[in-house]
Amino acid sequence: MVLAAVPSGTVVTYGQVAELAGLPRAARMVGRILGKLPKATQLPWHRVVNAAGKISLAEDSPSFKVQKARLQEEGVVLNKNRVSLKKFNWQP
DNA sequence: ACGGTGACTCGCA
DNA sequence: GTGCGAGCCACCG
């Protein structure tokens, strides 16, 4: 699983994940899969945000809060609902 | 089997 | 920054 390769403290966009998965424009698949994943999943789905660096969930969504909180725990800087998408070089 | 929908992204105006 | 249209693929009724 591509998501499993996401290091701690790093956020990736759906597009990034999709591309790494071999589906350059299938960002939707990533999101859809995440939603289908069991809550007991081992995948760091909370490290996945949209191209805007924003969590693609409703602020009133329980998952949203969890994701946000977890990201901060991992050391990811969050500005409101926006994460710092630094120029992180993805395993060059 | 078929069509609609969606935790999205990109290019263009 | 904001809006529109097109592309992607899997799940659900």
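Below, read A as the first sequence line, B as the second, and so on, with proteins coming before strands; counting in each chain starts at 1.
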Query raised in the report: Within a reach of under 6.0 Å around CD of A:E73, are more than 12 heavy atoms found that belong to other residues, nucleotides or ligands?
Result: no

Query raised in the report: Among residues 53-71 of chain A, which residues get a heavy atom nearer than 4.0 Å to DNA chain B?
Result: A:S56, A:L57, A:Q67

Query raised in the report: Taking DNA chain B as the partner, which of residues 27-40 of chain A come within under 4.0 angstrom of it by heavy atom?
Result: A:A27, A:R28, A:M29, A:G31, A:R32, A:L34, A:G35

Do the side chains of [X] and [Y] join up, straight or via other hydrophobic residues, at under 4.5 Å, putting them in one cluster?
X: A:V6; Y: A:L43; value: yes
X: A:M29; Y: A:V48; value: no
X: A:L20; Y: A:L34; value: yes
X: A:F64; Y: A:L78; value: yes

Let me confirm one number: the [atom1]-[atom2] distance from [X] to [Y], rounded to the nearest 0.5 Å.
X: A:R32; Y: A:L37; atom1: CZ; atom2: CG; answer: 9.5 Å
X: A:K80; Y: A:I55; atom1: NZ; atom2: CD1; answer: 13.0 Å
X: A:E19; Y: A:T13; atom1: CD; atom2: OG1; answer: 8.5 Å

Requested in this report: Name the first nucleotide and the last nucleotide along DNA chain B (5' to 3') that come under 4.0 Å of a heavy atom in chain A.
Outcome: B:dG6 to B:dC10

Query - N/O donor-acceptor pair under 3.5 Å between A:N50 side chain and A:G53 backbone - result: yes

Query raised in the report: Is A:E59 close to A:N81 at the side-chain level, that is, under 4.5 Å between some pair of heavy atoms?
Result: yes

